[in-house]
Amino acid sequence: DLQGPDHGPASLRAAAFPTPNFAHFDHIFVIMMENSSYSGLMSPSNPDTSYIRSLAANAGLATQYFGVTHTSLPNYIAATSGRAWGSHSDDTAQAPSFNHENLVDELQAAHISWGAYMQSLPKPGDTVDKTANGLYVRKHDPFLMYPDVYTNPARADKVVPLHALRTQLATGDVPQFVWISPNICNDMHGGAPTCPYASSTNPAYQAALYRNGDTFLKTWVQRITSSQAWRQGNSAIFVTWDEGAYNVSSPYQPLDLRGAGDSPVLPSKPVDPATGSGGDLAGGTVYGGGHVPMIVVTSHLTHRTDTTPTNHYSLLRTIEENFGLPLLGDAGDSVQVPSLAPLLAPVHGAGRR
């Protein structure tokens, strides 16, 4: 059953039931990629992202979209609960601390069907941190980081291997909300034996990750847009990246503070003179997640761009507006966190061009 009662924790909602200024979408698909900068992906001189650039040229493109913070995991949590909850690491032992209201709670309460599709996940609801081949990592699966999902079999069983979506697309039996996380070789992150991390000393690794991700997106965007579910209703695909590329020599410094609405300010963490540890986080500064693309493909709209600064809280806000859900956490901060509505409907105002 894709629906069910809400058994989530007490509400932390910031605002209730906003009225969207765009036409309702029957299906929303989110594809979350990894660790790639806007400039690297969108450069005309990059031969390995040709499909991504073509997609952006023919769909909606937010040109000033940003990750919320570093590293990966807090971005996924922010995009699905409206807060990073003080997380600045990929440690999956944090999972109990994410016992907060999240998008799943809202979807369940509103009887909106949902599914999370994780490439290379061994089986539905599997809480393995990392598979033996290194392809699936739990830190890129926010749904199985929430206690009220991974401890609830009815919910956990909706987090499934990606191949299940291919069957559902063919039959038209697709949930109203779909989240897709590629595996670590196809999301541009790298790190498995078959796809090493990109590094400044081996640009061939980066090129291979670009190609893998470009091919994955071409395969799955085309698979979705040619499906029965897409043809029968008004649907949208949101393609984005969790955070910008790292500076290899100093990976935990903030790389881009523009558009970092409600990004965390980290406390000072000086180097310990006795041990030499610490100093790896930019204490006392806004710890933004970097500049990444947000590409929006819809059933009925042509190319447009939006220059308004937005981030993962904007994505959550837009999903909630579409389904008539309350706004969680910083998704409800209408001062710093606008929705992605200018990419979805004719809207007059600053930032649209």
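Computed from a prediction, not measured in an experiment: that's the story for all the values here.
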| task | To the nearest 0.5 Å, tell me how far S81 OG sits from H100 NE2. | result | 7.5 Å

| remark: With sequence neighbours left out, the residues meeting side chain to side chain donor-acceptor pair (under 3.5 Å) with N58 are none

| message | Would the distance check show the side chain of H312 and the main-chain N or O of D242 forming a donor-acceptor pair, the cut-off being under 3.5 Å? | response | yes

| note | Sorted by chain and number, sequence neighbours left out, salt bridge (Lys or Arg N to Asp or Glu O under 4.0 Å) with D26 holds for none

| field | Qualifying salt bridge (charged side-chain N to carboxylate O under 4.0 Å, His left out) pairs, either residue in residues 205-215, two or more places apart | value | D48-R211

| message | Over 60° means perpendicular and under 30° means parallel, so tell me whether F323 and F177 are parallel, tilted or perpendicular. | response | perpendicular

| Any donor-acceptor pair under 3.5 Å linking the side chain of E243 with the backbone of S72? | yes

| Hey, does the side chain of T167 reach the backbone of L165 with a donor-acceptor pair shorter than 3.5 angstrom? | no

| query | Under 3.5 Å, is there a donor-acceptor pair linking the side chains of Q222 and Y51? | reply | no

| message | Using modelled atom types and a 3.5 Å cut-off, is there a donor and acceptor pairing between side-chain atoms of H291 and backbone atoms of S37? | response | no

| Can you tell me how far OG of S87 sits from CD1 of I77, rounded to the nearest 0.5 angstrom? | 7.5 Å

| said: If we ignore hydrogens and angles and just use 3.5 Å, is the side chain of S263 paired with the main-chain N or O of V68 as donor and acceptor? | reply: yes

| request: Pick out which of T240, I52, L41, L343 makes a side-chain contact (heavy atoms from CB on, under 4.5 Å) with I295. | output: I52

| field | Which residues share a side chain to side chain donor-acceptor pair (under 3.5 Å) with S314, sequence neighbours left out | value | none

| request: Say whether Y136 and D141, considering side chains only, have a donor N or O and an acceptor N or O under 3.5 Å apart. | output: yes

| query | Among all residues two or more places apart in sequence or in another chain, which pass the side chain to side chain donor-acceptor pair (under 3.5 Å) test with S43? | reply | S45

| query | Are a donor atom and an acceptor atom from the side chains of Y146 and T80 found within less than 3.5 Å of each other? | reply | yes

| Do side-chain atoms of H27 reach the backbone of P175 as a donor and acceptor pair under 3.5 angstrom? | yes

| task | Determine yes or no for a side-chain-to-main-chain donor-acceptor pair under 3.5 angstrom, with N212 supplying the side chain and C185 the backbone. | result | yes

| field | Check: Q119 side chain, N183 main-chain N or O, donor-acceptor pair, under 3.5 Å | value | yes

| message | Quick check against the 3.5 Å criterion: does S181 have a side-chain atom that pairs as donor or acceptor with the backbone of H140? | response | yes

| said: Around atom CZ of R223, are there more than 12 heavy atoms from other residues, nucleotides or ligands closer than 6.0 Å? | reply: yes

| Residues which pass side chain to side chain donor-acceptor pair (under 3.5 Å) with N234, listed by chain and number, not counting sequence neighbours | H300

| query | Side chains of F22 and E321: closer than 4.5 Å at any heavy-atom pair? | reply | yes

| said: Is there a side-chain contact between Y150 and V159 in this structure, where contact means two heavy atoms from C-beta onward sitting under 4.5 Å apart? | reply: no

| field | Flag, side chain of T318 to backbone of L340, donor-acceptor distance under 3.5 Å | value | yes

| message | For the CD1 atom of I112 and the CG atom of L325, what is their distance to the nearest 0.5 Å? | response | 4.5 Å

| request: Give a yes-or-no answer on whether the side chains of D262 and N311 include a donor-acceptor pair shorter than 3.5 Å. | output: no

